[in-house]
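For reference, the structure is listed below as structure tokens.
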Number of protein chains: 2
Amino acid sequence: MAFTCTIPAVPTQLADDDRVRITRWDFEPGATTGWHEHAMDYAIVFVTDGLMAIDVDGKVSHVEMKAGQAYSRPAGIKHDVKNDGGAPMSFVEIETKR
Amino acid sequence: MAFTCTIPAVPTQLADDDRVRITRWDFEPGATTGWHEHAMDYAIVFVTDGLMAIDVDGKVSHVEMKAGQAYSRPAGIKHDVKNDGGAPMSFVEIETKR
């Protein structure tokens, strides 16, 4: 189930070549990506601190992230991401093509 | 040719799985990675602003980076990276295994 989205997170494409697609996501407080699934494996690097809520199949987790933290995830997991904090939150997503 | 390295940049491994290896690099002012070459394609995400000097085969470029900027590079290019600014600089490196 997705979060109710009244504010969309804003994607900015930074690179797209034969190896990766790189997108920065900027979230105002309360903003969400909307329900989505990655066709490619991906990594996330936090550029700001942030309180992130993630909904995976209706199970919501709250994670406090610090700028410079990062994680890797496989393709194919449906999820929704929300800025659950009171300040703008940004991360960069690296999707790997091979 | 490498930069003269009196201060080494500090690597911190954030993830290492079958898809990627993720490393944060923290540079004090003047710190360098030392001469190196990536065996894997990789992407760089800046976590801080920074004035970066890159030496590729003796050709030095100076690049002003902003937090949240990113780029992708192929494996196999020998280079050295230096924090050429007066403040600490950090980026996260994502090396892709496939």
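Chain identifiers are assigned alphabetically (A, B, ...) following the order of the sequence lines, protein sequences preceding nucleic acid strands; residue numbering begins at 1 within each chain.
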Toward chain A, the part of Arg73(B) with a non-hydrogen atom under 4.5 Å: backbone
Need one label for Thr96(B): side chain, backbone, both or neither, based on atoms under 4.5 Å from any heavy atom in chain A. side chain
Separation of Trp25(A) CH2 from Met89(A) CE (nearest 0.5 Å): 11.0 Å
salt_bridge(Asp41(B), Lys97(B)) N-O dist < 4.0 Å: no
Which of Ala15(A), Ser72(A), Ser90(A) touches chain B most, by non-hydrogen pairs under 4.5 Å: Ser72(A)
Among Thr12(A), Ile94(A), Val20(A), which residue forms the greatest number of heavy-atom pairs with chain B at distances under 4.5 Å? Ile94(A)
Just so I know, are the side chains of Arg19(B) and Pro74(A) near enough to count as touching, which here means a heavy-atom distance under 4.5 Å? yes
Could you check whether any side-chain heavy atom of Arg24(B) comes within less than 4.5 Å of a side-chain heavy atom of Phe91(B), counting everything from C-beta outward? no
For chain B, find which of Asp17(A), Val47(A), Asp26(A) contributes the most heavy-atom pairs closer than 4.5 angstrom. Val47(A)
Answer yes or no: is there a side-chain heavy-atom contact under 4.5 Å between Phe27(A) and Val10(A)? no
